Amino acid sequence: MKKIILLGYMGCGKSTIAQKLSGIVSIPYVDLDEFIEKNEKMAIKQIFDNYGEIHFRKLEHTYFLELLNNQEEDIIGLGGGTPCYANNHELLVGDNVISIYLKASVETLFERLVANKSKRPLIADKSEEEMKEFIAKHLFDRSPYYNHAQYKVTVDNKTIEETVNDILNLLA
Ligand SMILES: Nc1ncnc2c1ncn2[C@@H]1O[C@H](COP(=O)(O)OP(=O)(O)O)[C@@H](O)[C@H]1O
Ligand SMILES: O=C(O)C1=C[C@@H](OP(=O)(O)O)[C@@H](O)[C@H](O)C1
Ligand SMILES: [Mg+2]
């Protein structure tokens, strides 16, 4: 079976949608960040704080490759930065994967991230004011990587169920 890969900016819903989709189609899922945390026995924030982002990006690449090659989970929720480092974007194309960019506007991302920033080292220390500008610039920089995905699903103003339905429609 092909691996279904969900990607997109922090807060677009990768972890939430991967879990929900998995429950509906009865295909096991794995969240790359959770997989890293479990294997490294450390929270993502701690990995950043203790060893720095470059170390995290190396781990992220290694564990992403491991997940692509395992036979266990066929739905993978990536971290927001995964496609943007270590040529990981090249792994989003090809016959063995179905890659889906969950596309969200700056407004949607901001709304979801203000309430959920503490575990995300890139924004944890930013004020609300700083965050909006940061997200806008960062999303612009990262979009070329996200656009390598084979499919795109817009998530603005959609419930979790509606986004999952859109994904099911494109998989059908
Ligand atoms: N319609 C929605 N779809 C997905 N997530 C949503 C939605 N509405 C609110 N959220 C919330 O947005 C937050 C970010 O979602 P998360 O799955 O952690 O994103 P990601 O893994 O892409 O960073 C979560 O707290 C989630 O509950
Ligand atoms: O965008 C990023 O660079 C990151 C996104 C996070 O995942 P989520 O997108 O699930 O928050 C996590 O991998 C880490 O904090 C770095
Ligand atoms: Mg996530």
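In each ligand, atom 1 is the first atom listed, and ligand 1 is the first ligand listed. Quick note: residue numbers are just sequence positions, from 1. These values consider heavy atoms only, across backbone and side chains, with no hydrogens, waters or symmetry-generated copies. Bear in mind that the values here come from a model prediction, so they are computed numbers and not experimental data.
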In the protein, which heavy atom is nearest to [atom], and how far is it?
atom                    : value
atom 21 (O) of ligand 1 : S15 OG, 2.8 Å
atom 15 (O) of ligand 2 : P121 CD, 3.4 Å
atom 7 (O) of ligand 2  : D33 OD2, 2.8 Å
atom 2 (C) of ligand 2  : G81 N, 3.3 Å
atom 27 (O) of ligand 1 : T16 OG1, 4.2 Å
atom 18 (O) of ligand 1 : R120 NH2, 3.1 Å
atom 19 (O) of ligand 1 : G13 N, 3.2 Å
atom 11 (O) of ligand 2 : R120 NE, 2.7 Å

> Would the number of heavy atoms belonging to other residues, nucleotides or ligands and lying under 6.0 Å from CD of E133 be above 12?
Replying inline: no
> With a cut-off of 6.0 Å (strictly less than), are more than 12 heavy atoms of other residues, nucleotides or ligands near NZ of K58?
Replying inline: no
If we only count heavy atoms from C-beta on, is the [X] to [Y] side-chain gap below 4.5 Å?
X    : Y    : value
M10  : R112 : no
E73  : Y29  : no
Q150 : I98  : yes
C84  : Y146 : yes
L65  : L91  : yes

Relative to the heavy atoms of [X], which atoms of ligand 1 are at a distance of less than 4.0 Å?
X    : answer
K158 : 1 (N), 2 (C)
N116 : 13 (C), 25 (O)
I160 : 1 (N), 2 (C), 3 (N), 4 (C)

> Measuring from the heavy atoms of G8, does anything fall under 4.0 Å of ligand 1?
Replying inline: no
> Mind checking whether C12 has a heavy atom under 4.0 Å from ligand 1?
Replying inline: yes
> Hey, mind stepping through E53 and R57 against salt bridge (Lys or Arg N to Asp or Glu O under 4.0 Å) and telling me if it holds?
Replying inline: CA-CA 6 Å; E53 181 172 353; R57 297 304 172 190; 2.9 Å; yes
> Does any N/O atom on G80 come nearer than 3.5 Å to any N/O atom on ligand 2?
Replying inline: yes
What atoms in ligand 2 come closer than 4.0 Å to a heavy atom of [X]?
X   : answer
G79 : 7 (O), 9 (O), 13 (O)
I44 : 14 (C), 15 (O)
F56 : 13 (O)

Pick, from [options], the option with the minimum heavy-atom distance to [atom].
atom                    : options            : answer
atom 16 (C) of ligand 2 : R57, E34, E53, K45 : R57
atom 1 (O) of ligand 2  : R142, K14, R112    : R142
atom 8 (N) of ligand 1  : E34, R112, E111    : R112

>> For L109 and L139: C-alpha separation, side-chain torsions, deciding distance, then whether side-chain contact (heavy atoms from CB on, under 4.5 Å) applies.
In response: CA-CA 10 Å; L109 296 169; L139 179 62; 3.9 Å; yes
> Would you say I17 has any N or O atom under 3.5 Å from an N or O of ligand 1, going by distance alone?
Replying inline: no
> Hey, does M10 come in under 3.5 Å of ligand 1, counting only N/O atoms on both sides?
Replying inline: no
>> With salt bridge (charged side-chain N to carboxylate O under 4.0 Å, His left out) as the test, pick out the partner of D166 among K158, K152, K103.
In response: K158
>> Under 6.0 Å between ring centres: does that hold for Y9 and H138?
In response: yes
> In terms of the angle between their ring planes, are F35 and Y63 parallel, tilted or perpendicular, with boundaries placed at 30° and 60°?
Replying inline: perpendicular
> Parallel under 30°, tilted from 30 to 60°, perpendicular over 60°: which one fits the rings of H89 and Y145?
Replying inline: perpendicular
> Are the charged groups of K137 and D141 less than 4.0 angstrom apart, N to O?
Replying inline: no
> How long is the span from the CD1 atom in I123 to the NZ atom in K117, to the nearest 0.5 Å?
Replying inline: 7.5 Å
> With a 4.0 Å heavy-atom cut-off (strictly under), which part of D31 contacts ligand 2: side chain, backbone, both or neither?
Replying inline: neither
>> Can you tell me which portion of E37 lies within the under-4.0 Å heavy-atom range of ligand 2? Options are side chain, backbone, both, or neither.
In response: neither
>> Can you tell me which portion of T159 lies within the under-4.0 Å heavy-atom range of ligand 1? Options are side chain, backbone, both, or neither.
In response: backbone
> So does M10 have any N/O/S atom less than 2.8 Å away from the Mg ion (ligand 3)?
Replying inline: no
